[in-house]
There are 2 protein chains.
Amino acid sequence: MFAEIDTAPRSSPTQFRDLPERAATWKPQTQVSCSDCRLRELCLPRGLSDGPLEAFSAAVFAHRRLRSGQALFRAGEAFDSVYLVRSGFVKTLVLLEDGREQVTGLQMRGDMLGMDGLASGRHVSDVIAVDNTEICVVPYERLETLSQQAREVQRHLHRMFAKEIVREQRMMLLLGSMNAEERVSAFLLNLSERLTARGYSPSHFVLRLTREDIGSLLGMKLETVSRIFSKFQKAGLIEVDGKQVRIVSINGLSGILNR
Amino acid sequence: MFAEIDTAPRSSPTQFRDLPERAATWKPQTQVSCSDCRLRELCLPRGLSDGPLEAFSAAVFAHRRLRSGQALFRAGEAFDSVYLVRSGFVKTLVLLEDGREQVTGLQMRGDMLGMDGLASGRHVSDVIAVDNTEICVVPYERLETLSQQAREVQRHLHRMFAKEIVREQRMMLLLGSMNAEERVSAFLLNLSERLTARGYSPSHFVLRLTREDIGSLLGMKLETVSRIFSKFQKAGLIEVDGKQVRIVSINGLSGILNR
DNA sequence: CGCGAGCTTGATGCCGATCAATGCATGTGG
DNA sequence: CCACATGCATTGATCGGCATCAAGCTCGCG
């Protein structure tokens with residue numbers, strides 16, 4: 001039904017993600033310099049001068065490759081690094097003592113992870129790859145040092161923190177005051193925006209999450225997610241086929257939000 | 001029904017909050033040094049050595065006094081400072097384009113505010129006093145400088161950021177996967193904990209928020225909040241009289257959460 | 001005194017949860 | 001290669017928790 005739009009136009013490792021014979025060759029890789037990383041414009045302060053850039057590059061200690069399903073870290077583990085998604089997709093989960101868990105985010109290229117661990121020295125969330133994923137590891141100590149040497153790095157870091165705070169505030173608003181249709185539509189529009197910013201098609205993409213994970217993220221049951229997808233499809237707003245989604249009417253979707 | 005437990009044991013400005021004739025004298029105050037601020041152990045890095053301490057003290061540019069109902073800042077205003085609650089209580093609201101708003105937090109002594117503005121240079125939330133409140137104003141530029149000079153200050157700042165991220169994650173979990181009774185009980189227990197940490201009674205306190213604000217914070221309607229308070233009272237878990245609350249059975253309340 | 005803001009409580013209705021059946025794709029072991 | 005299990009998604013039927021609508025109360029205040 002849908003053409004393959006699953007490939008990352010500017011990020012080579014992901015373009016093989018659906019080919020099992022390539023996935024089988026998925027292995028840790030040697031280190032890469034930040035200077036020629038295509039992620040640079042997302043991950044680094046804009047216009048970072050050469051000195052700080054190289055310093056930042058040195059701060060990226062290592063890269064980790066995760067296969068879909070593998071964990072980057074889990075709640076309870078000691079915090080020592082923050083992470084940047086270089087390619088692929090991960091989900092973040094927070095856990096309640098009684099076993100209940102909730103997806104709190106879907107992160108993609110350029111998104112920062114793991115800052116939660118700074119509060120107590122231990123992570124309070126799980127981060128799980130939902131696609132073959134490449135991660136830049138930035139030891140916190142190095143980031144601290146670098147941040148003290150270069151004010152622009154410090155400011156960039158603060159901005160990353162602040163963005164996460166704002167994102168979570170928006171999620172609280174979604175969870176606290178939107179109905180199910182509004183949540184799903186906000187989710188799809190947000191996904192579209194972020195994928196567009198990363199060079200993907202604005203209208204045609206692959207949900208990395210199952211209906212259950214989407215439901216968890218949006219505070220509803222998987223059946224409800226499924227029903228609303230079907231309803232939107234009948235209304236001519238989207239086309240859905242499993243995880244493949246095409247947004248037919250952005251305006252229609254936005255209309256649901258501002259109603 | 002309840003004795004007056006409304007006074008702040010270690011924070012002088014608030015102990016007059018319910019006396020209107022004192023409230024009428026509420027006016028901007030001269031500057032105070034951080035070194036003899038009673039908030040010090042909450043707001044400053046523990047064991048901060050003398051040099052950085054004085055630097056930090058100098059970073060607190062001014063103090064602002066707000067009467068109940070006044071705004072510290074509003075969404076859309078330019079960001080230039082972060083704030084610390086020195087005494088009193090404020091609520092934070094985020095707004096949707098269509099006018100919907102949601103309370104996202106209740107902040108009290110030692111809590112930091114305004115970091116959201118760092119993301120875009122403009123605040124995206126309103127902060128409104130829900131009691132006569134005293135605020136320490138810390139210009140961001142100064143904080144940046146100080147943070148570069150003293151690693152312990154930087155680390156403390158990062159930890160404040162991270163705590164806010166973790167707090168918001170917990171709120172997402174509450175909003176996404178708890179029913180109404182669990183939310184109210186989590187709210188009361190959290191309030192009790194935080195007030196205890198500040199030297200108030202763990203069992204006997206004053207809700208600063210209206211039923212409507214509590215409902216907004218917890219993602220439910222004010223009538224539901226009211227009903228659940230009544231239900232908890234009948235069950236012998238709490239005693240409520242307007243904004244006065246006494247927790248009769250902490251275990252009973254916790255039991256609702258882990259059920 | 002009357003008025004409005006905030007709170008409580010009841011009656012009713014709806015949205016989304018729950019329970020359940022089915023289909024489909026993938027993987028696995030006989 | 002088939003039988004079977006497992007994970008994920010869709011759809012229907014029913015139920016219940018919370019929203020909604022409404023009435024009445026208290027309290028502080030102009």
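Quantities reported herein were computed from a predicted structural model and do not represent experimental measurements. Side chains included, hydrogens not; waters and symmetry mates left out as well; all remaining heavy atoms used. The chains referred to below are lettered A, B, ... by the order of the sequence lines, with proteins before strands, and numbering in each begins at 1.
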- When the distance from CG of Asp213(A) to C1' of dG7(D) is rounded to whole Å, what number comes out? 13 Å

- Query: Could you state the CD-C1' distance from Glu181(A) to dC14(C), rounded to the nearest angstrom?
  - Reply: 13 Å

- Task: Measure the acute angle between the ring planes of Phe73(A) and His123(A), then classify it against the limits of 30° and 60° as parallel, tilted or perpendicular.
- Result: parallel

- Please say which of Arg208(A), Lys91(A), Arg65(A) ends up in a salt bridge (Lys or Arg N to Asp or Glu O under 4.0 Å) with Asp131(A). Arg208(A)

- Note on the structure: Asn179(B) atom CG is separated from dG16(C) atom C1', nearest whole Å, by 14 Å

- Message: Please check this pair: side chain of Arg211(B) against backbone of Thr224(B), looking for a donor-acceptor N/O pair closer than 3.5 Å.
- Response: no

- Note on the structure: Considering only heavy side-chain atoms of Ser230(A), the closest of dT11(D), dC8(D), dT8(C) is dT11(D)

- Task: State which of dT9(C), dA17(C), dG16(C) makes the closest approach to the side chain of Met220(A).
- Result: dA17(C)

- Winner on side-chain proximity to Arg227(B), out of dC7(C), dA9(D), dT20(D), is dT20(D)

- Query: Roughly, in whole Å, what's the span from NZ in Lys234(A) to P in dG12(D)?
  - Reply: 7 Å

- Out of dT11(D), dT8(C), dA9(D), which has the shortest distance to the side chain of Arg211(A)? dA9(D)

- Message: From C-beta outward on Lys243(B), which listed nucleotide comes closest to its side chain: dC7(C), dA11(C), dT11(D)?
- Response: dC7(C)

- Note on the structure: From CG of Asp241(B) across to P of dT8(C) the rounded distance in Å is 9 Å

- DNA chain C: 5'-proximal contact among Ala180(A) and Glu223(A) (nearest heavy atom): Ala180(A)

- Query: Taking atom P of dC8(D) as reference, at what distance in whole Å does atom CZ of Arg208(A) sit?
  - Reply: 15 Å

- Would you find a donor on one side and an acceptor on the other, under 3.5 Å apart, between the side chain of Gln70(B) and the backbone of Arg67(B)? yes

- Message: Please report the distance, rounded to the nearest Å, between CZ in Arg183(B) and P in dG17(D).
- Response: 14 Å

- Message: What I want to check is whether the side chains of Gln107(B) and Thr92(B) have a donor and an acceptor closer together than 3.5 Å.
- Response: yes

- Once you round it to whole Å, what is the distance between P of dA17(C) and CG of Leu222(A)? 10 Å

- Where the side chain of Ser226(B) is concerned, which of dT11(D), dC7(C), dC21(D) is the nearest nucleotide? dC7(C)

- Query: Does Lys221(B) make a side-chain N or O approach to OP1 or OP2 of dC21(D) shorter than 4.0 Å?
  - Reply: no

